[in-house]
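Quick notes on the structure that follows.
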Amino acid sequence: MRKLRKAPETKHDLGIEFASGWDIINVAVALSMLKMLEKHFKNKAFHANVDLLYRHTTVFDRVLARVFCDLWIFAGLSVILLGLLDAIGVFD
């Protein structure tokens, strides 16, 4: 992430940062996105520039972004599922 923030070509194409560090999530989602969804999000202002990121990252960077994004989604869905199960009384 540091090299993407410092490079003048990629500095302004990391997506909108709603909170501190949100550009990390933008880049991880952009690098782990399916090919069929890339066309839809390619020119959106809120998302990172996928083509530019592929030129400035290595295979290891993309794998690391995919693992981070998958774990982030899994954790979020797990919290929601456990909250629902607790609300209906499964853990009582």
Side-chain angles (χ1 to χ4, degrees):
M1 237 359 258
R2 188 175 298 156
K3 70 179 180 179
L4 294 174
R5 285 183 184 143
K6 287 185 177 183
E9 302 90 32
T10 60
K11 181 187 280 189
H12 301 291
D13 288 330
L14 299 178
I16 291 180
E17 190 171 4
F18 295 112
S20 179
W22 195 264
D23 57 343
I24 297 170
I25 295 172
N26 285 339
V27 170
V29 169
L31 288 175
S32 64
M33 195 179 319
L34 298 174
K35 292 290 182 188
M36 63 184 186
L37 295 176
E38 282 181 15
K39 290 180 187 177
H40 179 69
F41 291 111
K42 187 179 258 186
N43 295 322
K44 304 292 183 186
F46 293 109
H47 300 283
N49 188 342
V50 179
D51 296 330
L52 190 64
L53 289 176
Y54 268 89
R55 283 189 299 225
H56 291 281
T57 56
T58 62
V59 175
F60 177 73
D61 294 332
R62 292 182 212 126
V63 169
L64 192 62
R66 176 66 149 200
V67 169
F68 169 76
C69 190
D70 289 346
L71 288 175
W72 182 62
I73 291 171
F74 176 74
L77 292 176
S78 296
V79 167
I80 292 170
L81 179 66
L82 287 173
L84 288 173
L85 290 174
D86 188 42
I88 61 174
V90 171
F91 301 117
D92 289 336

Under a side-chain separation threshold of 4.5 Å, the hydrophobic residues clustered together with Leu82 are Leu81, Leu85, Ile88, Val90, Phe91
Salt bridge (Lys or Arg N to Asp or Glu O under 4.0 Å) with Asp86: which residues, sequence neighbours excluded?
none
Considering all heavy atoms of both residues, which atom of Val29 and which atom of Trp72 are nearest to each other, and what is their separation?
CG2-CZ3, 4.5 Å
Which residues satisfy the side chain to side chain donor-acceptor pair (under 3.5 Å) test with Ser78, sequence neighbours excluded?
none
In the hydrophobic clustering that connects Ile, Leu, Val, Met, Phe, Trp and Tyr at side-chain heavy-atom distances below 4.5 Å, which members other than Phe74 occupy its cluster, ordered by chain and number?
none
Okay, side chain of Asp61, backbone of Thr58: is any donor-acceptor separation there less than 3.5 Å?
yes
Hydrophobic cluster (4.5 angstrom, side-chain heavy atoms) - remaining members for Leu64:
Phe60
Restricting to non-hydrogen atoms, name the atom on Arg62 and the atom on Thr57 that form the minimum distance, rounded to 0.1 Å.
NH2-O, 2.9 Å
